[in-house]
Amino acid sequence: MKNQSNHGKGKGNGAQTEIWAVGGGKGGTGKTFVVCQLATCLASRGNEVILIDTDFGGANVHTFFGIKSRDKSITKFFEEKENLENLIIESQVKNLSIVPGNTSPLSPSSFNYAQKIKLFRHIKNLNADYILLDLGGGTNPDTMDAFLLADKMIAVVVPEITAIENLYQFIKSAYFRKLKSIFGLYGLKQTAKEFWGNRSKHGIKTIVDLLDRLKKESNDIETILSKELSEFSLNIILNKVRNVQELQEGFSIKSVCIKYIGVEAHYVGFIEYDYQFWRNLSLIQTAPRFIVSHSTQSEVEKIAGHIINGEQMKIDSLKYV
Ligand SMILES: Nc1ncnc2c1ncn2[C@@H]1O[C@H](COP(=O)(O)OP(=O)(O)OP(=O)(O)O)[C@@H](O)[C@H]1O
Ligand SMILES: [Mg+2]
């Protein structure tokens, strides 16, 4: 565990800070709920955790933690050039600190490319065991870049057809953005463009075919793409699950991801629809920490363990649900 009162002062003990980003399609799938639960879970294990609200259009991490004062928020990073480490506040959960989100819409001039890169640099320089990012819903390029910044990319979806469609859009956008940066980095843009522009001539139908075709160009390209893309691994959490049939959706999503998008997805677990939490929502402002059921706590524990250890749900495990 790192020095408790020393956020942003450099990582003295040589331990690695891990960034986890939680995103997904738009539409209230529970990204904020899940990231708050994961942050609490990691902190309760004795890790120092910083949760940053990077939902620039609809910040609400502060609400989940009953934080009323908005003296410190990420707005000050953009509009007053404040250092990110100075915007960290303690939460009521031991070991868990928070950078609250925007208090008002940012002016376009304060949120530009240079500021975004600076924010990412500041995030990487914070001192903690885990830095968790709550992303806005949808696929805008800034959200995608924050997602790709993470060591662990986590997508939250609910078992409903429209939400699952949105999830695929989200995964494709993240993957395409990653590919674009790899193509740019290794001078493959033109070749990829040529193949994609003449895809019927080259027998290319999907992005998986395009990558296969590019890999055939040379051993070097094959090595680059295999290495870079092996790092693109996604963790899927199914939220608001109401029955055993619904939680099986996670396995179907995993199959679709690999077959049609070419992305390796880990189904790291599910969280039931928590009626206790729903009933207690109005208490958030006064409760020392948000109130969830025991089953939600244990589901989140399992999910965190899976993400940390690179493990996932097994079909066999459903027999015991
Ligand atoms: N497992 C759950 N059980 C009960 N209620 C939940 C659960 N997950 C989320 N909720 C509730 O659903 C609503 C939407 O959740 P949340 O705000 O986390 O979604 P989001 O994906 O972050 O939305 P946005 O895209 O607007 O940021 C909230 O009222 C939240 O408390
Ligand atoms: Mg949210």
Side-chain angles (χ1 to χ4, degrees), residues 20-41 51-67 73-74 91 98-103 105-106 132-140 142-144 146-147 150 153-160 162-171 173-174 234-244 246-247 249-250 253 267-287 289-304 313 321:
W20 292 15
V22 176
K26 56 190 164 59
T29 57
K31 298 174 287 295
T32 304
F33 173 83
V34 170
V35 79
C36 292
Q37 299 297 337
L38 284 173
T40 305
C41 170
L51 170 56
I52 308 178
D53 194 334
T54 49
D55 184 346
F56 302 115
N60 46 22
V61 166
H62 58 281
T63 310
F64 276 80
F65 284 92
I67 296 167
S73 78
I74 211 161
S91 80
I98 289 168
V99 177
N102 281 328
T103 46
L106 290 170
L132 270 63
L133 308 180
D134 180 28
L135 304 184
T139 58
N140 92 52
D142 299 323
T143 306
M144 292 295 105
F147 194 64
M153 298 184 286
I154 302 162
V156 177
V157 64
V158 292
E160 287 166 19
T162 47
I164 294 172
E165 270 171 11
N166 288 347
L167 175 77
Y168 293 141
Q169 282 308 327
F170 177 83
I171 296 173
S173 301
L234 198 71
N235 298 284
I236 306 281
I237 297 174
L238 206 56
N239 187 31
K240 302 192 190 179
V241 169
R242 290 166 207 258
N243 55 51
V244 178
E246 285 188 346
L247 66 87
E249 282 294 344
I253 292 171
Y267 175 27
V268 287
F270 65 91
I271 301 175
E272 283 174 49
Y273 193 97
D274 190 330
Y275 292 94
Q276 179 178 320
F277 176 75
W278 176 75
R279 275 194 300 274
N280 286 329
L281 255 182
S282 58
L283 298 178
I284 277 184
Q285 296 292 339
T286 50
R289 54 190 280 189
F290 45 97
I291 307 134
V292 292
S293 67
H294 285 301
S295 72
T296 296
Q297 281 180 25
S298 77
E299 284 153 3
V300 172
E301 280 284 336
K302 272 189 225 152
I303 289 171
M313 295 272 292
V321 174

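Start at 1 with the first residue, then count along the sequence. Whatever order the structure lists ligands and atoms in, that order sets their numbers, starting from 1. The analysis underlying the following values was restricted to heavy atoms, covering all of them including side chains, and did not include hydrogens, waters or symmetry mates.
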Is there a donor-acceptor contact under 3.5 Å from the side chain of Gln169 to the main chain of Thr139?
-> no
Within the structure, does [X] bring an N/O atom to less than 3.5 angstrom of an N/O atom in ligand 1?
X	answer
Thr29	yes
Asn239	yes
Gly30	yes
Gly25	no

Candidates Ile98, Leu51, Val61 - the one meeting side chain to side chain contact (heavy atoms under 4.5 Å, CB included) with Ser91 |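 Of the listed options, the one satisfying the test is Ile98.
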Have a look at Tyr267 and tell me which of Leu247, Asn235, Ile237 forms a side chain to side chain contact (heavy atoms under 4.5 Å, CB included) with it.
->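 Single side chain to side chain contact (heavy atoms under 4.5 Å, CB included) partner of Tyr267 among Leu247, Asn235, Ile237: Leu247.
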Can you tell which part of Phe33 has a heavy atom less than 4.0 Å from ligand 1: side chain, backbone, both or neither?
->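 Contact part for Phe33 vs ligand 1: both backbone and side chain.
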For ligand 1, note which part of Glu272 has a heavy atom under 4.0 Å away: side chain, backbone, both or neither.
-> backbone
Residue Asn60, metal the Mg ion (ligand 2), N/O/S under 2.8 Å |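 No N, O or S atom of Asn60 is closer than 2.8 Å to the Mg ion (ligand 2), so no.
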Those atoms of ligand 1 less than 4.0 Å from some heavy atom in Asp55 = 27 (O)
Side chains of Val157 and Ile164 in contact at under 4.5 Å (non-hydrogen atoms) | yes
Within-4.5 Å side-chain heavy-atom neighbours: Arg242 and Tyr275 = yes
Lys240: heavy atom below 4.0 Å from ligand 1, yes or no?
-> yes
Using 30° and 60° as the class limits, which term best fits the ring planes of Phe170 and Phe147: parallel, tilted or perpendicular?
->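 The arrangement is perpendicular - the two ring planes meet at more than 60°.
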From atom 14 (C) of ligand 1, work out which of Gly28, Gly137, Gly58 has a heavy atom at the shortest distance.
->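 The nearest heavy atom belongs to Gly28.
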Given Lys31, Arg242, Gln37, which one has a non-hydrogen atom that is nearest to atom 25 (O) of ligand 1?
-> Lys31
For the atom pair NZ (Lys31) and CD1 (Ile154), what is the distance rounded to the nearest 0.5 Å?
-> 13.5 Å
Point-to-point distance, once rounded to the nearest 0.5 Å, from CD of Gln37 to OG1 of Thr32 | 11.5 Å
